[in-house]
Protein chains: 4
Amino acid sequence: MTETDNDKFGGHAGNTPRTAPKLDKLLTASADLMARQGFSQTSIRHVARETGFSLGGMYYYFENKEDLLFKIQQRTFSTLLATQEKEMAGGGGARSRLRRFIRNHLAYFTSHFAELKVCTFELESLQGDRFAAIAELRRRYFNCLAVVVGELLEVEAGRAFSDGRVRRRTLFVFGMLNWIFMWYDPDRDSSVEALGDEMVSLVLDGLNGEQSAWPPTDLERPTSGI
Amino acid sequence: MTETDNDKFGGHAGNTPRTAPKLDKLLTASADLMARQGFSQTSIRHVARETGFSLGGMYYYFENKEDLLFKIQQRTFSTLLATQEKEMAGGGGARSRLRRFIRNHLAYFTSHFAELKVCTFELESLQGDRFAAIAELRRRYFNCLAVVVGELLEVEAGRAFSDGRVRRRTLFVFGMLNWIFMWYDPDRDSSVEALGDEMVSLVLDGLNGEQSAWPPTDLERPTSGI
Amino acid sequence: MTETDNDKFGGHAGNTPRTAPKLDKLLTASADLMARQGFSQTSIRHVARETGFSLGGMYYYFENKEDLLFKIQQRTFSTLLATQEKEMAGGGGARSRLRRFIRNHLAYFTSHFAELKVCTFELESLQGDRFAAIAELRRRYFNCLAVVVGELLEVEAGRAFSDGRVRRRTLFVFGMLNWIFMWYDPDRDSSVEALGDEMVSLVLDGLNGEQSAWPPTDLERPTSGI
Amino acid sequence: MTETDNDKFGGHAGNTPRTAPKLDKLLTASADLMARQGFSQTSIRHVARETGFSLGGMYYYFENKEDLLFKIQQRTFSTLLATQEKEMAGGGGARSRLRRFIRNHLAYFTSHFAELKVCTFELESLQGDRFAAIAELRRRYFNCLAVVVGELLEVEAGRAFSDGRVRRRTLFVFGMLNWIFMWYDPDRDSSVEALGDEMVSLVLDGLNGEQSAWPPTDLERPTSGI
DNA sequence: TATGAATGAGGATTCATTCAT
DNA sequence: GATGAATGAATCCTCATTCAT
């Protein structure tokens, strides 16, 4: 998304050397709160308190609450998308590209947990043009993976998008990826790198194709929650 | 969950023949609204308007808003859980039980879309005892599948819960299942039965294990959204 | 305007014996404030403080601020309109009816100063259906006088509405009537009854037709303001 | 009003060749907005956006929002007043001067619609010294007409101001003139010149003294609104 | 059982104004 | 002369909840 697009959605601050770091801090703090409590339960007041801004001062940095959410998603998602599109253009077999896509995604999950969670779960909190802009990013992100899945299913690449089978398999994979926000516990689960390998293994070969590796290498603990 | 449990969380109504159907209508309507807008954005007022109740009258049927959510989850999840625990106790090989679990889950997805969506996405809107009670149901539900996954991974059943590998593979599958709420479109995607088969196939054999089946059987349409 | 119409615009309270007097007090107090400060500068907070209500409690009596204004105008204007339509239907020559219309209007000016001022100056603060409903009342009120003016101009009654001359003469008279809010001072100006006679005289015979009556009967004082 | 007066109310800008046109543009744009939406609903922000100024930059040209309104009224009203005082000093019979006063007023109505509307309806938005200064202009404007009305009523000129009858007749005429802002529609009503003649006719001879002139010369249309 | 009436806290947003630069 | 950045007060409104009836 270009600066022109950015302007179209009313962000009037955050481009100067003085304000850029403040906007940054603001978006990060907001993403944290929204990841924890959800968008609708995160109040501007709360963000202001957290960042030391005055309530009114917040509105110098975004048009309204929805715009704040948009800016978070726009910034985060476009960066991730760029990374992945470049990665996918880098060539390699389908299995390799699947592995790289998942690894990159999970690396981002680790480094930008809150922001990515917000991107994943709060698309529907946007509306109109802002919704459309982020939905388009998401569509492109989806396509990155769909192409790979299509190849793995031996479907000609050009037809991948209109193939329901590819669509659904791709969405299965996204389901696995996105749901991780709901349960991942760094103390309990293996590193995200290993996690990615486990997922790739499942996706490529299924449970039956995996080798049994008992006992597990990670720490045994009584389960709480799921 | 027994009536005693029910009492413990303040439900003092809905047990007489006269009130039971009203409570039912209320929970259903609430679930619909909460599935569409989320819990925090669904107001008691809105539910009252939708059901024809007076605002104050609602509070005869639940203690507070959180209790309303609890009752929905409790009613829905315990029913589904009972079905699946019985089903899993019914025997059969791991592959068969995996297939049956997924099919039942998706059948419930079809017949109780709103309620199941609320159970899936609004656990964290509960707190304290109510959270714990539903989390326990969810844990048992998780176990139903985890046992099967453990067998498929050739892990001894008794150790499944404490095995991180089983835990994660199971959560991958739940990710696929739960994420369906975000994209399933009956006009576009095949029936949920077929959807279940596709998922089972992926889980058991992976993408590479699936046979290519081009052209797809479902209607071709240009993709919009993801 | 019927009760059905009333319902259409969302007033959900004020019909029971317990609430009717409270609604009444509320509308009266609001009209006072709005007459003094204008609609946009009168805050709900202010009205609440004045009437002893809690801020939130106000909204039991009206949907929103615009609805409050609407209720004031609706109540006041429909009463006045009914009076005048009945009066105009009572027969008599055009001169007589002109005199009665102006007298009634000014009597209402005296007895319901604030409400009538709000009706006169705040129509444009309404929008959509509410605007249309009050505009229709106003149109009918206009017609009451326009018919008389048409007769005085010897225009056939049936054609009065489409005659620009009648329209404009009628609006001249309303200009005189409405502007009184801006200057009338009971200590300084004669009684409204006498004021009405003076206006009727001007309208019928013009300044030249009036008899000189110096010295005036009312108190002489140095002018302040206009 | 002299430069000294101007200074007294805080205008510290707009006197240099470079700033004068900017101040001019600013006042004109503000008047437009205030005429359309009213003073209290016109924000400095809005004016800034409309004129291309920065929000902060506005305050170089006026002390505060009230000062902006004052400057508009001061500029507009003093010009109009000068015109009329000169015109009234120009001699001629009372009927002639009445006609000229009304014509000039309506010419100003046409050429400075927004400014005059603001002068007419927003006096009470000023306070203290600023109110007093504009009220004095208005008093002098009132007197211009009151003298003529006094003559027409055969009252000695010197006594006109303290004569309630003159006062009220004059205010009736101003009511007609000022109310025009509420209804004049160039597509529907005759030219303002003709409008002035119609008003003069009413004021001098009353409705009965006007000759019937059916059919009217202006376009017949079904009435909408009043 | 259920309603009508009311409250108080909190939410998003706007706005006049200031001040360092 | 003019701007960018920020503030704090005020505004409209929603909402979970209560309680007398």
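Per chain, numbering begins at 1; letters A, B, ... match sequence-line order. Side chains included, hydrogens not; waters and symmetry mates left out as well; all remaining heavy atoms used.
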May I have the step-by-step check of side-chain contact (heavy atoms from CB on, under 4.5 Å) for C/F70 and C/I134, ending in yes or no?
CA-CA 8 Å; C/F70 171 74; C/I134 301 299; 3.8 Å; yes

So among D/Q74, D/Q73, D/E63, which one has a side-chain contact (heavy atoms from CB on, under 4.5 Å) with D/R130?
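Filter result, single survivor: D/E63.
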
Gap separating the [atom1] atom of [X] from the [atom2] atom of [Y], nearest 0.5 angstrom:
X	Y	atom1	atom2	answer
C/E115	C/L27	CD	CG	8.5 Å
B/D67	B/Y59	CG	OH	10.5 Å
A/L69	A/F39	CG	CZ	5.0 Å
D/L26	D/K71	CG	NZ	10.5 Å

pair B/E122-B/M34: side-chain heavy atoms closer than 4.5 Å:
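Not in contact.
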
Sequence-distant partners of A/F181, side chain to side chain contact (heavy atoms under 4.5 Å, CB included), two or more places apart:
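A/F109, A/F113, A/L116, A/K117, A/T120, A/F121.
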
Got a sec, which residues hit side chain to side chain contact (heavy atoms under 4.5 Å, CB included) with C/E124, two or more places apart in sequence or on another chain?
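For C/E124, no residue satisfies side chain to side chain contact (heavy atoms under 4.5 Å, CB included) once neighbours in sequence are set aside.
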
Please report the distance, rounded to the nearest Å, between [atom1] in [X] and [atom2] in [N].
X	N	atom1	atom2	result
C/E66	F/dT11	CD	P	19 Å
A/F62	F/dA6	CZ	C1'	13 Å
D/L26	F/dG1	CG	P	15 Å
D/M58	E/dA16	CE	C1'	12 Å
C/Y60	F/dC12	OH	P	22 Å
A/L23	F/dA5	CG	C1'	13 Å
B/Y61	E/dT1	OH	P	7 Å
C/K65	F/dC13	NZ	C1'	12 Å

Say whether, by atom type as modelled, one donor and one acceptor occur between the side chain of D/K22 and the main chain of D/Y61 under 3.5 angstrom.
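Answer holds: no.
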
Where do A/A31 and A/I72 come nearest, in terms of heavy atoms and distance?
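Residues A/A31 and A/I72, closest heavy atoms: N-CD1, 3.8 Å.
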
Mapping C/G57 and A/G57 to their closest nucleotides on DNA chain F, which lands nearer the 5' end?
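Going by which nucleotide is closer to the 5' end, it is A/G57.
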
Donor-acceptor pairs under 3.5 angstrom involving side-chain atoms of residues 49-57 of chain A: please list them, not counting sequence neighbours.
{"residue": "A/T51", "atom": "OG1", "partner": "A/V47", "partner atom": "O", "Å": "2.8"}
{"residue": "A/T51", "atom": "OG1", "partner": "A/A48", "partner atom": "O", "Å": "3.2"}
{"residue": "A/S54", "atom": "OG", "partner": "A/G57", "partner atom": "N", "Å": "3.0"}

Given the rule that a pair is Watson-Crick or G-U wobble with both distances under 3.5 Å, how would you write DNA chain E in dot-bracket, using | for pairs to a different strand?
.||||||||||||||||||||

What residues in residues 30-53 of chain B put a non-hydrogen atom under 4.0 Å from any atom of DNA chain E?
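None - not one residue of the stretch has a heavy atom sitting under 4.0 Å from the strand.
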
Can you identify which nucleotide, out of F/dA6, F/dA2, E/dA2, has its nearest atom closest to the B/T19 side chain?
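Closest nucleotide to the B/T19 side chain: E/dA2.
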
OP1 or OP2 of F/dA2 sitting under 4.0 Å from any side-chain N/O of D/K22?
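For D/K22, the contact criterion (side-chain N or O under 4.0 Å from OP1 or OP2 of F/dA2) is met.
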
Answer yes or no: does a side-chain N or O of B/T16 lie under 4.0 Å from OP1 or OP2 of E/dT1?
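The answer is yes; a side-chain N or O of B/T16 sits under 4.0 Å from OP1 or OP2.
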
Check: protein-nucleotides 18-21 of chain F nitrogen or oxygen pairs below 3.5 Å:
none

